There are 2 protein chains.
Amino acid sequence: MIDLDQIKRIYSIAGDLNFSDVKHLLQAAGRKTFLHGEYLIEADTLQNQVYFIYKGLVRIYAVNERGDEITTELRCENELVASYDVIFFDQPSRFYIQAMEKTETFHIAYDELQQVLERNRKLDMNRKYILQNLLKNAFERIDTFTLKTPEERYLHFLESNPSLTNRVPDKYIANVLGITPVSLSRIRKRIAQKAKS
Amino acid sequence: MIDLDQIKRIYSIAGDLNFSDVKHLLQAAGRKTFLHGEYLIEADTLQNQVYFIYKGLVRIYAVNERGDEITTELRCENELVASYDVIFFDQPSRFYIQAMEKTETFHIAYDELQQVLERNRKLDMNRKYILQNLLKNAFERIDTFTLKTPEERYLHFLESNPSLTNRVPDKYIANVLGITPVSLSRIRKRIAQKAKS
DNA sequence: CCACGTCGTTAACAAAAGATAAGAAATGTC
DNA sequence: GACATTTCTTATCTTTTGTTAACGACGTGG
């Protein structure tokens, strides 16, 4: 059921847990595999599941007033996903979370997770590492919007997410960068032309 | 020294601390007041101070390759500021943090803070509330970049930061929104014209 | 093997944003 | 109150982006 690799993965996002701590956590969690196109979370629901992606790739997207899907985030192996509307605001999710590949997850309801953490001090202490890591990534991403041009933002994305680049359609990457797919295509062309000279 | 109002302020950003917990924290912290224009943190240093803004307003800015100052964030009463380069990456700060008004703070070095928290479980447990709140704000801000146009982003800023609007020059707000001051001026004009009709 | 849908690119046009500079308005200082 | 400084606005021009639509490449499933 619970193998060594799984334990190591959890370690990789946490701080200083031991075998028994992680076992605690995994025993409380369920496992679920999603096929390409299936939904981990649907919008307008109060699904408060937190997923740990063991293998695979998901996109988080919202639908705007015009009916366009806007992908706000891509997450893959060893990352957590949840709808922060539900977790943080107790409100229906504005976001869909959809598997882009066959995606294997561990999952647990947020309030159950809280209870497990409350019963195990070590796990609760570890929460800070996870939150800090999420925060670090969020701050970095915000800075790409304030300090970088779309072109620089794209190059930065390629550097920091080399693995994602060829796993998802460019149109999703464009959305994540805050631009349109057409615009990203032009940016790519400009970069290619610069590279020639 | 430590008055009731101060305690309440700390409560406001934390979860369930009691008087003695907060006293613990404040005793370890120093107090410092910065005049308009003075720096809480300077770039290219390893100042790992964390500041709680008791009164006043600061901006966080970086200087790009061309020498332009780009303001990435504005923070005021009851908020925390620090350079995440130093705190999270142990690297010299790319950012300056500068008082925009006379600003009164409590401050503590990050590693000292860690020690204080480790010695007081209740305080350490409370860290999650603070981190979650920062994370919530960061996610919301990211979504304004992916889901909103600059105009919508500006309107959203006015709604969520009504107090800031008249306390800082628009050019800083423009930077925070990821656009130039000239462009913000045009957006304001467009909004005003719509309002007429 | 073909029909179909998806995706990336390109084109053409409109709209918005960046860069630069100049002038007006506001703010602060003595 | 007069002056200097900063900030905001406006104008002009260039560049980039958004929008829409068309085309071709690619892959999937029948």
Side-chain angles (χ1 to χ4, degrees), chain A residues 35-38 57 59 61 63-71 74 98-102 144-158 164-196, chain B residues 35-38 57 59 61 63-71 74 98-102 144-158 164-196:
Chain A
L35 300 180
H36 181 285
E38 289 185 337
L57 172 56
R59 72 174 177 125
Y61 73 89
V63 177
N64 65 16
E65 326 77 52
R66 294 178 27 188
D68 306 319
E69 295 179 0
I70 308 292
T71 299
L74 299 166
Q98 186 184 35
M100 292 286 93
E101 304 172 351
K102 182 182 167 196
T144 67
F145 287 109
T146 53
L147 298 175
K148 291 183 188 297
T149 62
E151 177 169 332
E152 293 167 337
R153 204 147 63 234
Y154 174 60
L155 291 171
H156 177 265
F157 179 91
L158 293 185
L164 285 187
T165 312
N166 293 313
R167 284 170 73 181
V168 291
D170 280 357
K171 61 176 183 173
Y172 298 143
I173 294 175
N175 285 167
V176 168
L177 299 175
I179 59 178
T180 61
V182 178
S183 191
L184 177 57
S185 179
R186 288 188 284 233
I187 287 171
R188 287 161 56 91
K189 190 177 180 183
R190 253 175 265 152
I191 292 172
Q193 282 169 345
K194 283 182 199 166
K196 273 185 201 163
Chain B
L35 300 180
H36 181 285
E38 289 184 337
L57 173 57
R59 72 173 176 125
Y61 73 89
V63 176
N64 64 17
E65 326 75 53
R66 295 179 27 190
D68 306 320
E69 295 178 0
I70 307 292
T71 299
L74 299 165
Q98 185 184 36
M100 292 287 92
E101 304 174 350
K102 182 182 166 194
T144 67
F145 286 110
T146 53
L147 299 175
K148 290 183 190 293
T149 63
E151 178 170 331
E152 293 167 337
R153 203 147 64 234
Y154 174 61
L155 291 170
H156 178 263
F157 180 91
L158 293 184
L164 285 186
T165 311
N166 293 313
R167 284 170 76 180
V168 291
D170 279 356
K171 60 177 183 172
Y172 298 143
I173 294 175
N175 285 168
V176 169
L177 299 174
I179 58 177
T180 60
V182 177
S183 190
L184 178 56
S185 179
R186 288 189 283 231
I187 286 171
R188 287 161 56 91
K189 190 178 180 182
R190 253 175 265 154
I191 292 172
Q193 283 169 343
K194 283 182 198 167
K196 273 186 202 164

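When reading the values below, keep in mind they use all heavy atoms of this one structure, side chains included, and skip hydrogens, waters and symmetry mates. Keep in mind that what you see is a predicted model, and the values were worked out from it rather than measured. A, B, ... follow the sequence lines: proteins, then strands. Residue 1 opens every chain.
Residue A:Lys148 contributes atom NZ, which lies 15 Å from atom P of D:dT17 at whole-angstrom precision. Rounded to an integer number of Å, the gap from CD of B:Glu151 to P of C:dA15 is 14 Å. For the pair A:Asn166 CG and C:dC7 P, the interatomic distance rounds to 15 Å; values are reported in whole Å. Across the protein-nucleic acid pair, B:His36 atom NE2 and C:dT27 atom C1' stand 11 Å apart, rounded to whole Å. Straight-line distance from the CZ atom of A:Arg190 to the C1' atom of C:dT10: 14 Å, rounded to whole Å. Taking atom CG of A:Leu177 as the reference point, atom C1' of D:dT17 lies 14 Å away to the nearest angstrom. Rounding to whole angstrom units, CG of residue B:Leu184 and P of C:dA19 are separated by 15 Å. Rounded to whole Å, atom C1' of C:dT10 lies 18 Å from atom NZ of A:Lys171.
With hydrogens and angles ignored, a donor-acceptor pair under 3.5 angstrom links the side chain of A:Arg186 to the base of D:dG18.
Residue B:Thr71 forms a side chain to side chain donor-acceptor pair (under 3.5 Å) with just one option from B:Arg59, B:Gln98, B:Lys171, and that option is B:Arg59.
Nearer the 5' end of DNA chain D, as judged by each residue's closest nucleotide, is the contact made by B:Asp170, out of A:Pro150 and B:Asp170.
Between B:Leu147 and B:Glu152 the shortest heavy-atom distance is O-OE1, 4.0 Å. Considering every non-hydrogen atom in both A:Tyr154 and A:Ile191, the closest pair reads CD2-CD1, 3.7 Å.
Using a 4.0 Å heavy-atom cutoff across all strands shown, A:Ser185 reaches at least one base atom of the nucleic acid.
Of the candidate nucleotides D:dT10, C:dT10, D:dG18, C:dT10 has the atom nearest to the side chain of A:Lys189. For A:Val182, counting side-chain heavy atoms from C-beta on, the closest listed nucleotide (C:dA17, D:dT20, C:dT20) is D:dT20. When the nucleotides D:dT9, D:dG18, D:dT7 are ranked by their closest atom to the side chain of A:Ile179, D:dG18 comes out on top. Here the nucleotide nearest the side chain of B:Arg188, chosen from C:dA19, D:dT9, C:dT9, is D:dT9.
The side chain of B:Thr180 places an N or O atom within less than 4.0 Å of a non-bridging phosphate oxygen (OP1 or OP2) of C:dG18. Distances shown here put a side-chain N or O of B:Ser183 below 4.0 Å from the OP1 or OP2 atom of C:dG18.
In this structure, the side chains of A:Val168 and A:Ile173 come closer than 4.5 Å at one or more pairs of heavy atoms.
Between B:Arg188 atom CZ and B:Ser183 atom OG the span is 12.5 Å, to the nearest 0.5 Å.
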